[in-house]
Amino acid sequence: MKRVVVGLSGGVDSSVAAYLLQKQGYEVIGLFMKNWHDDSVTISNECPWLEDSNDALLVAEKLGIPFQTVDLSEQYKEKIVDYMFNEYEKGRTPNPDVLCNREIKFDVFMKIALSLGADYVATGHYCQKSEIEVDGKPMYQLIAGADTNKDQSYFLCQLSQEQLAKSLFPIGALTKPEVREIAAEMDLVTAEKKDSQGLCFIGKVRLPEFLQQKLQPKDGKIVQIDKNDPIYNIEKSNSLVSEEELKIEAKKRDYLPTMGKVVGKHQGAHYFTVGQRKGLNVGGTTDPLFIIATDVETNTIYTGLTSMHPGLFKKALFIEQSEVHWIRTDKTLKVGETMDVMARIRYRQPLQKATLHQFEHGMYVSFEEPQSAITEGQFTAWYFDNELVGSGVIS
């Protein structure tokens, strides 16, 4: 009998995952990860992890499976929280959920599970796994969840073949309503529970306050750039084939405070991200202002009117070679090769037509349509149909 450790988060998805595995004849163990101690920055008064671990325990009791809690807050702080502060300090916007899966759930947590004699680790992610043979060896595929509305393959875009080999995603072929229905039929305490929001396992965290613990506020200017500014008139070629053309298109635009008018003040450029419109507190503009760039060196935020401002759009992005990651290792591009894919630059974005261009020092991704708010530090993931084949950090 194969043994599976399920990461029970206290939510409905992992509860149903545990039940389905049990029904399939696995020996199931429930494990709750505690990743956070500091309650001073969570928004709600109730302590989220306490309530969640309690729900996870009740589900385990209902299913009659062994349950224990593991405290991973040390590793979480070191691998996720410190990384986030570092990224924000550099003016990049990290994605803690992608990291949490790569570094915590499918690494630290997986090692604990395997030490308990588990054959697999299972989670309540909406994604699927299949297996093909390449050169006589098994190769695992990460496939989008059947519920297109809930597909979470993007959050697993940094997993490796070794991690996928040991992973199970029992609810990947179901839709969210079907999952809730099963939970209700089984009378699981989590059946009606709202989906968790906010940082992976920290509960609802107020990001600015969370950041302020490390990053000191400092006053800076908010500058508005006109959509007809000459910076947008650089000669652009439509081909985007040569490394030089791609480089020009992917490069950060060099804004200077003198290029626009000062429309307000802010508390620190590192608290803001490209594409953001809330939290600027600038009044009196005809249309909403969107952040088109932040500069942590000069502590300046650059903004433009409307979501169609040219400062928001780019047709290409760059990924440093060390941050190019292939799940399907057999598809890895050689220098000089290109590949047509479907790609997304954020979790909820519909897939976009794109081309990968592999060069010696890294990879360019060029898009058929200009993309809004390509954000440094976020992940871009590329797909063949509904299979996620690789990903990388936008540089």
Side-chain angles (χ1 to χ4, degrees), residues 86-87 89-95 157-158 225-260 269 273-275 290-298 300-302 304 308-326 331-346 349 351-383 389-395:
N86 273 333
E87 288 287 280
E89 230 158 1
K90 291 181 200 151
R92 301 192 352 164
T93 308
N95 189 315
C157 69
Q158 287 278 298
I225 304 287
D226 190 270
K227 67 175 193 296
N228 299 315
D229 191 280
I231 195 167
Y232 305 123
N233 301 341
I234 299 165
E235 241 350 275
K236 287 203 179 147
S237 78
N238 281 324
S239 64
L240 288 190
V241 177
S242 77
E243 186 168 4
E244 205 37 53
E245 289 163 339
L246 285 159
K247 192 174 177 179
I248 290 168
E249 183 55 46
K251 198 172 152 320
K252 256 181 115 161
R253 296 187 179 100
D254 295 320
Y255 294 104
L256 296 167
T258 49
M259 284 180 182
T273 182
V274 175
F290 286 81
I291 296 180
I292 56 173
T294 61
D295 184 340
V296 290
E297 297 298 311
T298 63
T300 312
I301 290 175
Y302 295 98
M308 296 313 291
H309 189 283
L312 282 169
F313 292 89
K314 289 184 112 66
K315 279 189 80 164
L317 60 85
F318 180 65
I319 303 166
E320 299 273 352
Q321 191 46 44
S322 62
E323 298 194 309
V324 174
H325 173 76
W326 289 91
K331 298 287 181 197
T332 307
L333 289 178
K334 296 186 179 64
V335 172
E337 290 184 333
T338 63
M339 178 189 280
D340 289 334
V341 292
M342 298 299 283
R344 56 169 52 108
I345 54 170
R346 59 181 70 88
Q349 187 193 29
L351 288 169
Q352 311 285 315
K353 277 190 171 160
T355 305
L356 310 179
H357 310 256
Q358 183 66 58
F359 294 99
E360 202 143 316
H361 60 294
M363 180 194 281
Y364 286 96
V365 183
S366 65
F367 293 90
E368 199 173 275
E369 297 293 321
Q371 299 298 307
S372 174
I374 293 177
T375 309
E376 285 178 74
Q378 292 279 310
F379 290 85
T380 181
W382 49 91
Y383 294 72
V389 286
S391 67
V393 183
I394 300 170
S395 97

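Separating the CD atom in Gln371 from the NZ atom in Lys315 is a distance of 10.0 Å, to the nearest 0.5 Å. A distance of 6.0 Å separates CD1 in Ile231 from CG in Asp229, rounded to the nearest 0.5 Å. Note: Trp326 CH2 to Leu333 CG = 4.0 Å, rounded to the nearest 0.5 Å. With values rounded to the nearest 0.5 angstrom, Thr332 atom OG1 is found 8.5 Å from Met363 atom CE.
Within the 4.5 Å cutoff, no side-chain heavy atoms of Leu317 are placed close to those of Tyr364. The shortest side-chain heavy-atom distance between Gln158 and Phe379 falls under the 4.5 Å cut-off. Looking only at side-chain heavy atoms (C-beta outward), Ile291 and Thr273 stay at 4.5 Å or farther from each other.
For Phe318 and His357, the gap between ring centers reaches or exceeds 6.0 Å. Aromatic rings from Tyr232 and His309 are positioned such that their centres are separated by under 6.0 Å.
Remark: side-chain polar atoms of Thr375 are not paired, donor with acceptor, to backbone N or O of Gln378 under 3.5 angstrom. With hydrogens and angles ignored, the 3.5 Å screen pairs a side-chain donor or acceptor of Glu337 with a backbone N or O of Lys334. Side chain of Glu243 to backbone of Lys247: no donor-acceptor contact under 3.5 angstrom is found. A donor-acceptor contact shorter than 3.5 Å links the side chain of Lys314 to the backbone of Lys251. With Glu323 contributing its side chain and Glu320 its backbone, the two residues share no donor-acceptor pair below 3.5 Å. Using modelled atom types, one side-chain atom of Gln349 and one backbone atom of Ile345 make a donor-acceptor pair closer than 3.5 Å.
For His325, the ring pair (Phe, Tyr, Trp, His ring centres under 6.0 Å) test picks out no residue, with sequence neighbours left out.
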Problem set entry | Residue pair Tyr383, Arg344: steps toward the side-chain hydrogen bond (donor to acceptor under 3.5 Å, both in side chains) verdict | CA-CA 9 Å; Tyr383 294 72; Arg344 56 169 52 108; 2.9 Å; yes
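Looking only at atom types and distance, the side chain of Asp295 has no donor-acceptor partner in the side chain of Thr300 under 3.5 Å away.
Among His361, Glu360, Gln358, the single residue meeting the side-chain hydrogen bond (donor to acceptor under 3.5 Å, both in side chains) criterion with Gln321 is Gln358.
Across every non-hydrogen atom of Ser391 and Cys157, the tightest pair is OG-O, 2.7 Å.
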